[in-house]
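Mind looking over this structure? Questions follow.
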There are 2 protein chains.
Amino acid sequence: MARKAGSHADITGPAIREVAQRLFAHSGYAAVSMRQIAAEVGVGVGALYLYTPDKQTLLFDLMRDHMSALLDAWEATDKGETPEAQLQAFVSFHIDFHIDRPDAVFLAYMELRNLTPENFAVIEALRRQYEDHLQDILTLGQEAGAFHVEDARVITMALIAMLAGIHVWYRDGGRLSRDRIQTLYLELVRRTVSP
Amino acid sequence: MARKAGSHADITGPAIREVAQRLFAHSGYAAVSMRQIAAEVGVGVGALYLYTPDKQTLLFDLMRDHMSALLDAWEATDKGETPEAQLQAFVSFHIDFHIDRPDAVFLAYMELRNLTPENFAVIEALRRQYEDHLQDILTLGQEAGAFHVEDARVITMALIAMLAGIHVWYRDGGRLSRDRIQTLYLELVRRTVSP
DNA sequence: TTTGTATATGAACAGGTGTTCATTTCAATC
DNA sequence: GATTGAAATGAACACCTGTTCATATACAAA
(Lines give C-alpha, C1' and ligand atoms only; values in the text may rest on other atoms or scores of the structure.)
Protein backbone atom coordinates (compact mmCIF):
# COMPACT_ATOMS: atom_id res chain seq x y z
CA MET A 1 0.00 0.00 0.00
CA ALA A 2 1.10 3.57 -0.52
CA ARG A 3 -0.99 6.61 -1.26
CA LYS A 4 -4.64 6.26 -0.29
CA ALA A 5 -7.65 7.28 -2.33
CA GLY A 6 -8.91 10.80 -1.66
CA SER A 7 -5.80 11.97 0.12
CA HIS A 8 -5.00 15.65 -0.07
CA ALA A 9 -2.39 17.92 1.43
CA ASP A 10 -4.94 20.51 2.45
CA ILE A 11 -6.72 17.91 4.54
CA THR A 12 -3.81 15.99 6.03
CA GLY A 13 -1.83 19.07 7.03
CA PRO A 14 -4.50 20.64 9.23
CA ALA A 15 -5.51 17.22 10.52
CA ILE A 16 -1.98 16.60 11.76
CA ARG A 17 -1.92 19.94 13.54
CA GLU A 18 -5.30 19.39 15.16
CA VAL A 19 -4.43 15.92 16.36
CA ALA A 20 -1.00 17.01 17.60
CA GLN A 21 -2.52 19.90 19.52
CA ARG A 22 -5.10 17.67 21.16
CA LEU A 23 -2.62 14.95 22.09
CA PHE A 24 0.10 17.36 23.26
CA ALA A 25 -2.43 19.20 25.41
CA HIS A 26 -3.80 16.00 26.89
CA SER A 27 -0.64 13.98 27.53
CA GLY A 28 2.22 16.42 27.17
CA TYR A 29 4.70 16.90 24.34
CA ALA A 30 7.28 14.40 25.58
CA ALA A 31 4.70 11.71 26.25
CA VAL A 32 3.22 11.77 22.74
CA SER A 33 5.01 9.91 19.94
CA MET A 34 4.98 10.71 16.26
CA ARG A 35 3.53 7.24 15.68
CA GLN A 36 0.58 8.06 17.98
CA ILE A 37 -0.11 11.25 16.06
CA ALA A 38 0.12 9.44 12.72
CA ALA A 39 -2.17 6.65 13.88
CA GLU A 40 -4.78 9.13 15.17
CA VAL A 41 -4.68 11.05 11.88
CA GLY A 42 -4.90 7.81 9.95
CA VAL A 43 -1.63 7.99 8.04
CA GLY A 44 1.77 6.32 8.28
CA VAL A 45 4.59 7.87 10.28
CA GLY A 46 6.51 9.03 7.24
CA ALA A 47 3.63 11.20 6.04
CA LEU A 48 4.06 13.55 9.03
CA TYR A 49 7.44 14.62 7.73
CA LEU A 50 5.88 15.98 4.55
CA TYR A 51 4.21 18.61 6.74
CA THR A 52 6.73 19.37 9.46
CA PRO A 53 10.53 19.09 9.49
CA ASP A 54 10.47 17.57 12.99
CA LYS A 55 8.49 17.15 16.18
CA GLN A 56 9.92 20.25 17.85
CA THR A 57 8.86 22.47 14.96
CA LEU A 58 5.39 20.96 15.07
CA LEU A 59 5.09 22.07 18.71
CA PHE A 60 6.64 25.46 18.05
CA ASP A 61 4.34 26.20 15.09
CA LEU A 62 1.27 25.37 17.17
CA MET A 63 2.36 27.69 19.95
CA ARG A 64 3.49 30.52 17.69
CA ASP A 65 0.30 30.41 15.64
CA HIS A 66 -1.78 30.53 18.82
CA MET A 67 0.09 33.54 20.16
CA SER A 68 -0.09 35.32 16.80
CA ALA A 69 -3.79 34.68 16.54
CA LEU A 70 -4.21 36.04 20.08
CA LEU A 71 -2.33 39.24 19.30
CA ASP A 72 -4.07 39.72 15.95
CA ALA A 73 -7.49 39.20 17.51
CA TRP A 74 -6.77 41.78 20.20
CA GLU A 75 -5.51 44.21 17.55
CA ALA A 76 -8.84 43.79 15.76
CA THR A 77 -10.91 44.33 18.90
CA ASP A 78 -12.87 47.50 19.55
CA LYS A 79 -11.28 48.84 22.70
CA GLY A 80 -13.21 52.00 23.55
CA GLU A 81 -11.76 55.28 24.75
CA THR A 82 -11.67 55.47 28.54
CA PRO A 83 -9.28 53.38 30.62
CA GLU A 84 -12.28 51.71 32.25
CA ALA A 85 -13.68 50.71 28.85
CA GLN A 86 -10.32 49.44 27.67
CA LEU A 87 -9.80 47.34 30.77
CA GLN A 88 -13.27 45.88 30.40
CA ALA A 89 -12.59 45.20 26.72
CA PHE A 90 -9.37 43.38 27.59
CA VAL A 91 -10.96 41.16 30.21
CA SER A 92 -13.95 40.29 28.01
CA PHE A 93 -11.70 39.61 25.06
CA HIS A 94 -9.31 37.46 27.07
CA ILE A 95 -12.03 35.26 28.54
CA ASP A 96 -13.81 34.88 25.20
CA PHE A 97 -10.70 34.06 23.24
CA HIS A 98 -9.29 31.58 25.72
CA ILE A 99 -12.46 29.77 26.67
CA ASP A 100 -12.90 28.65 23.05
CA ARG A 101 -9.36 27.27 22.69
CA PRO A 102 -8.67 25.14 25.75
CA ASP A 103 -6.10 22.91 24.05
CA ALA A 104 -4.13 25.76 22.51
CA VAL A 105 -4.13 27.63 25.83
CA PHE A 106 -2.96 24.55 27.68
CA LEU A 107 -0.11 24.09 25.22
CA ALA A 108 0.99 27.71 25.36
CA TYR A 109 1.18 27.64 29.17
CA MET A 110 2.48 24.13 29.81
CA GLU A 111 4.91 23.25 27.06
CA LEU A 112 7.26 26.22 27.23
CA ARG A 113 10.00 24.12 28.77
CA ASN A 114 9.91 21.67 25.87
CA LEU A 115 10.87 24.37 23.40
CA THR A 116 14.47 24.83 22.30
CA PRO A 117 16.00 28.04 23.71
CA GLU A 118 15.59 29.84 20.36
CA ASN A 119 11.96 28.84 20.00
CA PHE A 120 11.29 29.67 23.64
CA ALA A 121 12.60 33.19 23.13
CA VAL A 122 10.18 33.74 20.26
CA ILE A 123 7.13 32.55 22.19
CA GLU A 124 8.19 34.44 25.29
CA ALA A 125 8.46 37.67 23.30
CA LEU A 126 4.93 37.19 21.95
CA ARG A 127 3.60 36.49 25.41
CA ARG A 128 5.31 39.60 26.73
CA GLN A 129 3.70 41.65 23.95
CA TYR A 130 0.30 40.47 25.10
CA GLU A 131 1.03 41.21 28.75
CA ASP A 132 2.25 44.66 27.78
CA HIS A 133 -1.10 45.50 26.22
CA LEU A 134 -2.72 45.04 29.62
CA GLN A 135 0.11 46.78 31.42
CA ASP A 136 -0.24 49.82 29.13
CA ILE A 137 -3.94 50.05 29.90
CA LEU A 138 -3.19 49.97 33.62
CA THR A 139 -0.40 52.53 33.44
CA LEU A 140 -2.37 54.98 31.31
CA GLY A 141 -5.39 54.55 33.54
CA GLN A 142 -3.24 55.22 36.58
CA GLU A 143 -1.82 58.39 35.03
CA ALA A 144 -5.32 59.54 34.12
CA GLY A 145 -6.41 58.99 37.69
CA ALA A 146 -8.93 56.34 36.67
CA PHE A 147 -7.14 53.48 38.43
CA HIS A 148 -5.17 52.90 41.58
CA VAL A 149 -2.15 50.90 40.44
CA GLU A 150 0.55 50.37 43.02
CA ASP A 151 2.91 48.35 40.80
CA ALA A 152 1.78 48.00 37.19
CA ARG A 153 3.92 44.96 36.40
CA VAL A 154 2.81 43.00 39.45
CA ILE A 155 -0.85 43.80 38.92
CA THR A 156 -0.55 42.84 35.26
CA MET A 157 0.87 39.46 36.20
CA ALA A 158 -1.67 39.01 38.97
CA LEU A 159 -4.61 39.76 36.67
CA ILE A 160 -3.31 37.56 33.84
CA ALA A 161 -2.77 34.69 36.27
CA MET A 162 -6.26 35.18 37.67
CA LEU A 163 -7.78 35.06 34.19
CA ALA A 164 -5.57 32.17 33.04
CA GLY A 165 -6.77 30.21 36.06
CA ILE A 166 -10.26 29.98 34.58
CA HIS A 167 -9.15 27.18 32.27
CA VAL A 168 -8.28 25.06 35.29
CA TRP A 169 -11.86 24.67 36.43
CA TYR A 170 -14.07 25.84 33.53
CA ARG A 171 -16.10 23.11 31.83
CA ASP A 172 -18.48 23.60 28.94
CA GLY A 173 -22.01 23.25 30.28
CA GLY A 174 -20.83 23.57 33.88
CA ARG A 175 -22.45 25.49 36.72
CA LEU A 176 -21.52 28.90 35.36
CA SER A 177 -22.35 30.29 31.93
CA ARG A 178 -19.76 32.19 29.95
CA ASP A 179 -21.68 35.41 30.57
CA ARG A 180 -21.76 34.84 34.30
CA ILE A 181 -18.00 34.22 34.35
CA GLN A 182 -17.41 37.42 32.39
CA THR A 183 -19.53 39.38 34.86
CA LEU A 184 -17.82 37.93 37.92
CA TYR A 185 -14.27 38.45 36.65
CA LEU A 186 -15.00 41.94 35.33
CA GLU A 187 -16.08 42.86 38.83
CA LEU A 188 -12.98 41.26 40.38
CA VAL A 189 -10.67 43.15 38.04
CA ARG A 190 -12.55 46.41 38.55
CA ARG A 191 -12.16 46.08 42.31
CA THR A 192 -8.46 45.32 42.00
CA VAL A 193 -7.67 48.64 40.32
CA SER A 194 -10.44 50.96 41.52
CA PRO A 195 -9.05 54.19 43.01
CA MET B 1 32.35 -2.54 40.89
CA ALA B 2 29.33 -2.78 43.08
CA ARG B 3 28.71 -1.02 46.35
CA LYS B 4 30.73 2.17 46.78
CA ALA B 5 32.60 3.32 49.88
CA GLY B 6 30.59 5.41 52.32
CA SER B 7 27.24 4.65 50.78
CA HIS B 8 24.19 4.78 53.02
CA ALA B 9 20.49 4.38 52.53
CA ASP B 10 19.71 7.50 54.53
CA ILE B 11 21.79 9.52 52.10
CA THR B 12 20.89 7.92 48.77
CA GLY B 13 17.14 7.87 49.40
CA PRO B 14 16.72 11.62 49.98
CA ALA B 15 19.27 12.36 47.25
CA ILE B 16 17.18 10.46 44.71
CA ARG B 17 14.08 12.40 45.68
CA GLU B 18 15.83 15.75 45.52
CA VAL B 19 17.36 15.05 42.14
CA ALA B 20 14.12 13.64 40.74
CA GLN B 21 12.20 16.70 41.93
CA ARG B 22 14.68 19.07 40.35
CA LEU B 23 14.85 17.22 37.04
CA PHE B 24 11.08 16.61 36.83
CA ALA B 25 10.44 20.28 37.53
CA HIS B 26 12.99 21.45 35.00
CA SER B 27 12.37 19.09 32.08
CA GLY B 28 9.08 17.39 32.84
CA TYR B 29 8.35 13.88 34.08
CA ALA B 30 8.14 12.23 30.67
CA ALA B 31 11.35 13.83 29.45
CA VAL B 32 13.47 12.62 32.36
CA SER B 33 14.81 9.06 32.35
CA MET B 34 15.65 6.90 35.32
CA ARG B 35 19.20 6.72 33.96
CA GLN B 36 19.48 10.52 34.08
CA ILE B 37 18.32 10.58 37.68
CA ALA B 38 20.74 7.81 38.63
CA ALA B 39 23.64 9.55 36.89
CA GLU B 40 22.91 12.85 38.64
CA VAL B 41 22.70 11.14 42.02
CA GLY B 42 25.88 9.25 41.28
CA VAL B 43 24.56 5.69 41.45
CA GLY B 44 23.69 2.97 38.94
CA VAL B 45 20.17 2.63 37.58
CA GLY B 46 19.38 -0.43 39.62
CA ALA B 47 19.92 1.40 42.90
CA LEU B 48 16.87 3.59 42.27
CA TYR B 49 14.63 0.58 42.59
CA LEU B 50 15.78 0.00 46.13
CA TYR B 51 14.02 3.27 47.03
CA THR B 52 10.98 3.38 44.78
CA PRO B 53 8.95 0.61 43.16
CA ASP B 54 8.73 2.52 39.87
CA LYS B 55 8.99 5.93 38.21
CA GLN B 56 5.30 6.73 38.57
CA THR B 57 5.42 6.16 42.33
CA LEU B 58 8.49 8.36 42.58
CA LEU B 59 6.50 11.21 41.01
CA PHE B 60 3.41 10.49 43.07
CA ASP B 61 5.32 10.41 46.35
CA LEU B 62 6.94 13.76 45.60
CA MET B 63 3.58 15.35 44.87
CA ARG B 64 1.74 13.76 47.78
CA ASP B 65 4.45 14.67 50.25
CA HIS B 66 4.39 18.27 49.02
CA MET B 67 0.62 18.53 49.39
CA SER B 68 0.69 16.90 52.82
CA ALA B 69 3.43 19.24 53.99
CA LEU B 70 1.36 22.16 52.70
CA LEU B 71 -1.74 21.08 54.58
CA ASP B 72 0.18 20.28 57.76
CA ALA B 73 1.97 23.62 57.70
CA TRP B 74 -1.33 25.47 57.33
CA GLU B 75 -2.79 23.43 60.19
CA ALA B 76 0.12 24.55 62.36
CA THR B 77 -0.23 28.22 61.43
CA ASP B 78 -1.60 30.82 63.81
CA LYS B 79 -4.68 32.05 62.00
CA GLY B 80 -6.15 34.75 64.21
CA GLU B 81 -9.81 35.28 65.03
CA THR B 82 -11.42 37.73 62.63
CA PRO B 83 -12.11 36.88 58.99
CA GLU B 84 -9.75 39.68 57.94
CA ALA B 85 -6.95 38.25 60.08
CA GLN B 86 -7.56 34.75 58.76
CA LEU B 87 -7.52 35.88 55.15
CA GLN B 88 -4.31 37.78 55.74
CA ALA B 89 -2.82 34.75 57.47
CA PHE B 90 -3.73 32.54 54.51
CA VAL B 91 -2.19 34.86 51.93
CA SER B 92 1.01 35.36 53.92
CA PHE B 93 1.30 31.66 54.58
CA HIS B 94 0.69 30.72 50.95
CA ILE B 95 3.31 33.11 49.58
CA ASP B 96 5.88 32.13 52.20
CA PHE B 97 5.39 28.41 51.79
CA HIS B 98 5.40 28.41 47.99
CA ILE B 99 8.22 30.87 47.39
CA ASP B 100 10.63 28.57 49.22
CA ARG B 101 9.69 25.46 47.22
CA PRO B 102 9.66 26.44 43.54
CA ASP B 103 10.41 22.93 42.24
CA ALA B 104 7.79 21.20 44.36
CA VAL B 105 5.21 23.82 43.41
CA PHE B 106 6.04 23.44 39.74
CA LEU B 107 5.63 19.68 40.00
CA ALA B 108 2.34 19.86 41.84
CA TYR B 109 0.86 22.18 39.21
CA MET B 110 2.39 20.82 36.01
CA GLU B 111 2.62 17.07 36.32
CA LEU B 112 -0.96 16.21 37.25
CA ARG B 113 -1.61 14.74 33.83
CA ASN B 114 1.28 12.31 34.20
CA LEU B 115 -0.30 10.67 37.22
CA THR B 116 -2.32 7.48 36.89
CA PRO B 117 -6.04 8.09 37.46
CA GLU B 118 -5.85 6.63 40.97
CA ASN B 119 -2.87 8.77 41.95
CA PHE B 120 -4.43 11.82 40.35
CA ALA B 121 -7.54 11.40 42.47
CA VAL B 122 -5.46 11.40 45.65
CA ILE B 123 -3.53 14.56 44.76
CA GLU B 124 -6.68 16.28 43.54
CA ALA B 125 -8.41 15.56 46.85
CA LEU B 126 -5.51 17.09 48.77
CA ARG B 127 -5.54 20.16 46.54
CA ARG B 128 -9.26 20.50 47.06
CA GLN B 129 -8.75 20.37 50.82
CA TYR B 130 -6.34 23.27 50.59
CA GLU B 131 -8.68 25.30 48.40
CA ASP B 132 -11.51 24.64 50.82
CA HIS B 133 -9.57 26.22 53.66
CA LEU B 134 -9.57 29.50 51.74
CA GLN B 135 -13.17 29.05 50.63
CA ASP B 136 -14.27 28.54 54.22
CA ILE B 137 -12.57 31.76 55.28
CA LEU B 138 -14.34 33.63 52.50
CA THR B 139 -17.74 32.11 53.22
CA LEU B 140 -17.54 32.73 56.96
CA GLY B 141 -16.31 36.26 56.33
CA GLN B 142 -19.20 36.87 53.97
CA GLU B 143 -21.72 35.60 56.53
CA ALA B 144 -20.16 37.80 59.21
CA GLY B 145 -20.46 40.79 56.90
CA ALA B 146 -16.71 41.28 56.80
CA PHE B 147 -16.37 40.44 53.09
CA HIS B 148 -18.30 40.96 49.91
CA VAL B 149 -18.19 37.54 48.20
CA GLU B 150 -20.38 37.16 45.14
CA ASP B 151 -19.45 33.52 44.41
CA ALA B 152 -17.18 31.90 46.98
CA ARG B 153 -15.95 29.10 44.73
CA VAL B 154 -15.04 31.40 41.85
CA ILE B 155 -13.28 33.90 44.10
CA THR B 156 -11.39 31.07 45.77
CA MET B 157 -10.14 29.83 42.42
CA ALA B 158 -9.37 33.36 41.26
CA LEU B 159 -7.33 34.16 44.37
CA ILE B 160 -5.46 30.85 44.30
CA ALA B 161 -4.63 31.35 40.63
CA MET B 162 -3.44 34.88 41.35
CA LEU B 163 -1.17 33.67 44.13
CA ALA B 164 0.04 30.65 42.16
CA GLY B 165 1.00 33.02 39.35
CA ILE B 166 3.78 34.47 41.49
CA HIS B 167 6.00 31.49 40.78
CA VAL B 168 5.88 32.33 37.06
CA TRP B 169 7.83 35.54 37.41
CA TYR B 170 9.40 35.55 40.92
CA ARG B 171 13.17 35.21 41.04
CA ASP B 172 15.31 35.18 44.14
CA GLY B 173 17.11 38.49 44.37
CA GLY B 174 14.84 40.08 41.75
CA ARG B 175 13.31 43.56 41.74
CA LEU B 176 10.85 42.81 44.53
CA SER B 177 11.61 41.52 47.99
CA ARG B 178 9.49 38.86 49.56
CA ASP B 179 8.07 41.41 51.97
CA ARG B 180 7.11 43.76 49.17
CA ILE B 181 5.35 40.93 47.32
CA GLN B 182 3.46 40.01 50.48
CA THR B 183 2.34 43.61 50.94
CA LEU B 184 1.24 44.02 47.32
CA TYR B 185 -0.73 40.76 47.17
CA LEU B 186 -2.32 41.29 50.58
CA GLU B 187 -3.67 44.57 49.28
CA LEU B 188 -4.91 42.94 46.05
CA VAL B 189 -6.73 40.22 47.96
CA ARG B 190 -8.16 42.70 50.44
CA ARG B 191 -9.58 44.79 47.62
CA THR B 192 -11.08 41.75 45.93
CA VAL B 193 -13.28 40.90 48.89
CA SER B 194 -13.79 44.22 50.65
CA PRO B 195 -17.49 44.97 51.23
C1' DT C 1 -3.44 6.93 -22.82
C1' DT C 2 0.69 8.17 -21.20
C1' DT C 3 3.41 10.77 -18.20
C1' DG C 4 4.82 13.53 -14.18
C1' DT C 5 4.46 14.67 -9.61
C1' DA C 6 2.35 15.27 -5.21
C1' DT C 7 1.22 12.21 -1.59
C1' DA C 8 1.92 8.34 1.14
C1' DT C 9 4.05 4.04 2.83
C1' DG C 10 6.60 1.24 6.31
C1' DA C 11 10.89 -1.19 6.97
C1' DA C 12 15.27 0.18 8.68
C1' DC C 13 18.53 2.77 11.75
C1' DA C 14 20.84 4.05 15.84
C1' DG C 15 19.78 4.83 20.06
C1' DG C 16 16.81 5.29 24.31
C1' DT C 17 13.01 3.47 27.66
C1' DG C 18 11.58 1.34 32.44
C1' DT C 19 12.50 -2.56 34.94
C1' DT C 20 14.76 -6.98 36.60
C1' DC C 21 18.17 -9.82 38.78
C1' DA C 22 22.40 -12.59 39.42
C1' DT C 23 26.44 -10.86 41.22
C1' DT C 24 29.57 -8.08 43.93
C1' DT C 25 31.15 -5.06 47.51
C1' DC C 26 31.39 -2.73 51.87
C1' DA C 27 30.72 -2.16 56.76
C1' DA C 28 29.15 -3.69 60.94
C1' DT C 29 28.65 -7.65 64.21
C1' DC C 30 30.22 -11.84 66.43
C1' DG D 1 39.52 -12.48 61.36
C1' DA D 2 35.19 -14.61 59.77
C1' DT D 3 30.34 -13.96 58.83
C1' DT D 4 26.34 -11.67 57.48
C1' DG D 5 23.20 -8.71 55.17
C1' DA D 6 22.29 -4.16 53.47
C1' DA D 7 23.54 -1.49 49.41
C1' DA D 8 24.82 -1.15 44.80
C1' DT D 9 26.02 -2.77 40.22
C1' DG D 10 25.29 -3.05 35.12
C1' DA D 11 24.24 -6.31 31.55
C1' DA D 12 20.06 -8.05 29.68
C1' DC D 13 15.06 -7.82 28.20
C1' DA D 14 11.39 -6.41 25.34
C1' DC D 15 9.91 -2.56 23.46
C1' DC D 16 9.61 2.34 22.04
C1' DT D 17 11.84 6.75 20.07
C1' DG D 18 12.40 10.42 16.04
C1' DT D 19 13.80 10.42 11.55
C1' DT D 20 15.06 8.76 6.76
C1' DC D 21 14.36 6.94 2.25
C1' DA D 22 13.62 3.69 -1.51
C1' DT D 23 9.35 2.42 -3.16
C1' DA D 24 4.50 2.73 -4.59
C1' DT D 25 0.25 4.75 -5.68
C1' DA D 26 -3.44 8.14 -7.25
C1' DC D 27 -4.57 11.89 -9.68
C1' DA D 28 -4.06 15.92 -13.06
C1' DA D 29 -2.23 17.47 -17.17
C1' DA D 30 -0.74 16.55 -21.89
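Here is how names work: the chains are called A, B, and so on, in the same order as the sequence lines, proteins then strands, and each is numbered from 1. Because the structure is predicted, anything quoted here is derived from the model rather than measured.
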Can you tell me which nucleotide in dT20(C), dT9(C), dG18(D) comes closest to the side chain of A47(A)?
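Ranking dT20(C), dT9(C), dG18(D) by closest atom to the A47(A) side chain puts dT9(C) first.
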Excluding sequence neighbours, so at least two apart, what forms salt bridge (charged side-chain N to carboxylate O under 4.0 Å, His left out) with R128(B)?
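For R128(B) the salt bridge (charged side-chain N to carboxylate O under 4.0 Å, His left out) partners, ignoring immediate neighbours, are D132(B).
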Nearest to the side chain of Y51(B) - dG18(C), dT19(D), dA8(D)?
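Selected nucleotide: dA8(D).
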Side-chain N or O of T12(B) less than 4.0 angstrom from OP1 or OP2 on dA8(D)?
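Checking dA8(D) against T12(B), a side-chain N or O does come within under 4.0 Å of OP1 or OP2.
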Might you list the N or O atoms of the protein lying below 3.5 Å from N or O atoms in nucleotides 11-16 of chain D, with each pair's distance?
unit_1, atom_1, unit_2, atom_2, d
dA12(D), N6, R35(B), NH2, 3.4

Residue pair D54(B), T57(B): steps toward the side-chain hydrogen bond (donor to acceptor under 3.5 Å, both in side chains) verdict:
CA-CA 5 Å; D54(B) 47 43; T57(B) 306; 2.6 Å; yes
Hey, can you pull the donor-acceptor pairs under 3.5 Å for the side chains in residues 113-121 of chain A, sequence neighbours left out?
unit_1, atom_1, unit_2, atom_2, d
R113(A), NH1, F24(B), O, 3.4
R113(A), NH1, A25(B), O, 3.0
R113(A), NH2, E111(B), OE2, 2.8
N114(A), ND2, E111(A), OE1, 2.5
T116(A), OG1, E118(A), OE1, 3.3
T116(A), OG1, N119(A), N, 3.3
T116(A), OG1, N119(A), ND2, 3.3
N119(A), ND2, Q56(A), OE1, 2.9

Once you round it to whole Å, what is the distance between P of dA7(D) and CG of L48(B)?
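About 15 Å, once rounded to whole Å.
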Rounding to a whole Å, what distance do you find between L59(B):CG and dG18(C):P?
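Interatomic distance, CG of L59(B) to P of dG18(C): 13 Å.
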For the pair made of CD1 in I37(B) and P in dG16(C), what is the distance, rounded to whole Å?
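The distance from CD1 of I37(B) to P of dG16(C) comes to 16 Å, rounded to the nearest Å.
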Stepwise, does the side-chain hydrogen bond (donor to acceptor under 3.5 Å, both in side chains) test hold for D136(B) with Q86(B)?
CA-CA 10 Å; D136(B) 288 346; Q86(B) 291 181 2; over 6 Å; no
Which nucleotide in dG18(D), dA7(D), dA8(C) has an atom nearest any side-chain atom of L50(A)
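From the listed options, dA8(C) comes nearest.
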In this structure, how many angstroms lie between the C1' atom of dT20(D) and the CE atom of M34(A), rounded?
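For the pair M34(A) CE and dT20(D) C1', the rounded distance is 12 Å.
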Are F97(A) and H66(A) packed together at the side-chain level, in the sense that at least one heavy-atom pair is separated by less than 4.5 angstrom?
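Yes, their side chains come closer than 4.5 Å.
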Quick one: which of Y185(A), Y130(A), W74(A) gives a side chain to side chain donor-acceptor pair (under 3.5 Å) with H94(A)?
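It is Y130(A), the one option of Y185(A), Y130(A), W74(A) that forms the side chain to side chain donor-acceptor pair (under 3.5 Å) with H94(A).
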Counting side-chain heavy atoms from CB outward, which of dA8(D), dT19(C), dT20(D) is closest to K55(B)?
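Minimum distance to the K55(B) side chain belongs to dT19(C).
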Rounded to the nearest Å, what distance is computed from the CD atom of residue Q36(B) to the P atom of nucleotide dT17(C)?
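To the nearest whole Å, that distance equals 6 Å.
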Whole-Å distance separating the CD1 atom of I11(A) from the P atom of dT7(C):
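Rounded to whole Å, this separation is 11 Å.
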Whole angstrom value for the distance that separates C1' of dC27(D) from CG of D10(A)
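Atom-to-atom, D10(A) to dC27(D), this comes out as 14 Å.
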Cation-aromatic face contact K79(B)/F90(B), 6.0 Å, 45 degrees
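No, a cation-pi geometry is absent between K79(B) and F90(B).
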What is the distance, to the nearest angstrom, from the CD atom on Q56(B) to the P atom on dT17(C)?
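That distance rounds to 18 Å.
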When all nucleic acid strands are considered with a 4.0 Å heavy-atom cut-off, which category describes V32(B): base, sugar-phosphate, or nothing?
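The answer is sugar-phosphate, as V32(B) gets under 4.0 Å only of primed atoms, P, OP1 or OP2.
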